[in-house]
2 protein chains.
Amino acid sequence: MKRVTMADVAKAAGVSKSTVSQFLNKRYEHMGEETKEKIREAIERLGYHPNYIARSLKQKRTAMIGIIVANIMHSFSTEISRAIEDFCHEHDMHAIVCNADDDPVKERKYIEMLRARQVDGLILFPTGGNLELYKQMEQERYPVVFVDRKISEVNIRTIVVNNKEATYQAVAHLIEKGHRDIAIITPPLTIYPRIERMNGYKQALNDYRIPIKQEYMISTEIQRMISELSRLFALPDKPTALVAGNDLSFFEVMKFLKENGLRVPNNVAVVVFDNIPFASFSEPTMTTIAQPAYAMGKKAAELLLQQIHHHEELPDSNLYTFPCTLMIRESSSRALI
Amino acid sequence: MKRVTMADVAKAAGVSKSTVSQFLNKRYEHMGEETKEKIREAIERLGYHPNYIARSLKQKRTAMIGIIVANIMHSFSTEISRAIEDFCHEHDMHAIVCNADDDPVKERKYIEMLRARQVDGLILFPTGGNLELYKQMEQERYPVVFVDRKISEVNIRTIVVNNKEATYQAVAHLIEKGHRDIAIITPPLTIYPRIERMNGYKQALNDYRIPIKQEYMISTEIQRMISELSRLFALPDKPTALVAGNDLSFFEVMKFLKENGLRVPNNVAVVVFDNIPFASFSEPTMTTIAQPAYAMGKKAAELLLQQIHHHEELPDSNLYTFPCTLMIRESSSRALI
DNA sequence: TTGTATGCGTTATCAA
DNA sequence: TTGATAACGCATACAA
């Protein structure tokens, strides 16, 4: 398995390495037809394939970008990654996807690993736990785009959705269907979008003059959700509607309801913040707050490649907010009388 | 953003490049404590980070492997990828995931791209459309593991499941519940596992002396499934049970049933070949033929890293068959009287 | 214990 | 139009 190099090709074709290099880079404007043919033949005969590692070393670019997602188990993450990959593909770039599991230590490790591998830029779902590192990249003008979470301490282009407004709209929808006992369940309020979603929930209740009850707001680890839900539904004034703060919370909710023989929407209405692949054909169909993940990923890739290729200055605003769509389906459509 | 190199560190610390290199590779058995300290300090002060590209060029290894999956939209693919990544992670390797979309042209392109990037090995869901390329890798002894599909023309380690037996078992289960009109729907029979599943279906019917009907066996593009299902359920002897050959087919089946007001399992029993994330809490819960995807991915990674690190010879048998588990749930449990 | 010299496979600069 | 030659940043054999 000894690799054949450019030098081998050059020797076989009876020309110099530089000529072969020219040929490979399609810079054969003034190259003798006969020379080209010799090289072509030698490449074919030896089965030569260029070594991108060597090229990258010389050119100081790898044509690769890194993606560090918060949690690969969220379909939101995979959908965004897919969009980024598609965009990269169209621009002769490649993407390496890493999973930080919402852990700042892993995040740091991956940022360092990817930069050591000389990726040309980074798309990051920031945990928020590596401020100095973010700042360092900012001041080095290393190409970076943040997705899903705003980090106010740094000035880095960021793609987010209108978490607060979208949740507000969903809660308003439930209220208009007659619900007043509306609970919300999210993972711990450690990151920006979860806080914003919770704020949207509170704002809606406020605006509709419905008192906020602490016991209706659950923010806890996925593993503890089922037990918290038991507590919630043991209350004398149990909720008639439930907002799941993301897809993983929603799965826990569904497991809980199933186990306890609670029917949707008859016993409780459900709305979930996230795209659920089977929402449109589950029984019942599920009302979702759909994030435009594909468009967001595409935009992130676009912004990153812009930085990589044109070294552009940051515009005045570096926050790109995408609107969500409330997809009203059966799980929340039954009016409460 | 000018990179700081080992030479910079050496100069700043007042030592030579090689000493710094020794230090970085933890070969400081006989290194002066004072020298170490100087180097440590210089690295810290300059913010030096090693360049893995340069290191890879020299060492002729990148500590990266490539994964080329058939179709990233299958949860099977993502689950396997995740297992491979986890295993790599434990062994200080990294994985690049590419999506061939079951297209031999894309597959070839990715194989060439990944090898040009000098990945140390490849895990491949082979399309079957690049035999010469597979053979070439085999004879070059380039580390490769195949997953999901057996390619009989080459002698490459391959991880598969017992497609035929598992499908047989699922169909037998339906028969024992009283079904005799059992249909099966799969994507086109272009690849090994789909053919095997279909064979398992036929074998079961044969063994139970149930005549095989051509019109009960649908193998077509995802986009055309809904219309084929319409045809199927317009038959005078419409089926009472349906086997979905994979997750994407299953989604089409569910969409179709929903649109046509057909209930599971009352109007039709359903079994699906693939892990469905929500199978255990959907309404009804879904009977699945569960593939041990995580274990398969782990094994694939293990076999690959073995080849990479130990250049081992192929054992007598290069086929690793994993058994599936029939998870009987509500969608198929109602006995037909 | 540390330094010098050389090479990894490519591209870029400049001559010829 | 093509060819020497010097980088790119690191690792390593060998010398000091």
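Just so we're on the same page: letters track the sequence lines, and every chain starts at 1.
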Can you list every pair that meets salt bridge (charged side-chain N to carboxylate O under 4.0 Å, His left out) and has a residue in residues 89-104 of chain A, with sequence neighbours left out?
A/Asp101-A/Lys106, A/Asp101-B/Arg82, A/Asp102-A/Arg149, A/Asp102-A/Arg194
Contact string for nucleotides 7-16 of chain D, one letter per nucleotide 5' to 3', B = base within protein heavy-atom range under 4.0 Å, S = sugar-phosphate only, - = neither, reads BBBBBB----
Keeping the roles fixed (side chain from B/Glu79, backbone from B/Ala293), state whether a donor-acceptor pair exists under 3.5 Å.
no
Note the angle between the end axes of the helix from C/dT1-D/dA16 to C/dA16-D/dT1, five pairs defining each, rounded to 10 degrees.
40°
Below 30° counts as parallel, above 60° as perpendicular, anything between as tilted: where do the rings of A/His89 and B/Tyr110 land?
tilted
Salt bridge (charged side-chain N to carboxylate O under 4.0 Å, His left out), that's the test. Do B/Glu41 and B/Arg45 meet it? Break it down for me.
CA-CA 6 Å; B/Glu41 185 273 335; B/Arg45 183 157 49 82; 2.8 Å; yes
Under 4.0 Å between any heavy atoms, over every strand shown, what does A/Val15 touch: base, sugar-phosphate, or nothing? Just pick one.
sugar-phosphate
Return the value, rounded to whole Å, for the distance between atom CD of A/Gln118 and atom P of C/dT10.
18 Å
Atom CZ of A/Arg61 to atom C1' of C/dT10: distance rounded to whole Å?
14 Å
Under 6.0 Å from the six-membered ring centre of A/Tyr142 and within 45° of its axis: does the NZ or CZ of A/Arg115 meet both?
yes
B/Ser16 side chain N/O closer than 4.0 Å to the phosphate oxygens (OP1, OP2) of C/dT2?
no
Taking CZ from A/Phe23 and C1' from C/dT11, how many angstroms apart are they, rounded to a whole number?
17 Å
Between B/Phe23 and B/Arg40, is there a side-chain heavy-atom distance shorter than 4.5 Å?
yes
What's the verdict on salt bridge (charged side-chain N to carboxylate O under 4.0 Å, His left out) for A/Arg108 and A/Glu112, showing C-alpha distance, side-chain angles and the deciding distance?
CA-CA 6 Å; A/Arg108 158 178 292 274; A/Glu112 286 173 350; 3.1 Å; yes
Give A/Ser56 one of three labels, base, sugar-phosphate or nothing, depending on what nucleic acid heavy atoms sit under 4.0 Å from its own.
nothing
D/dT1 P sits how many Å from A/Lys38 NZ, rounded?
15 Å
Kindly assign one of parallel, tilted or perpendicular to the pair B/Phe76 and B/Phe125, based on the angle between their ring planes and the thresholds 30° and 60°.
perpendicular
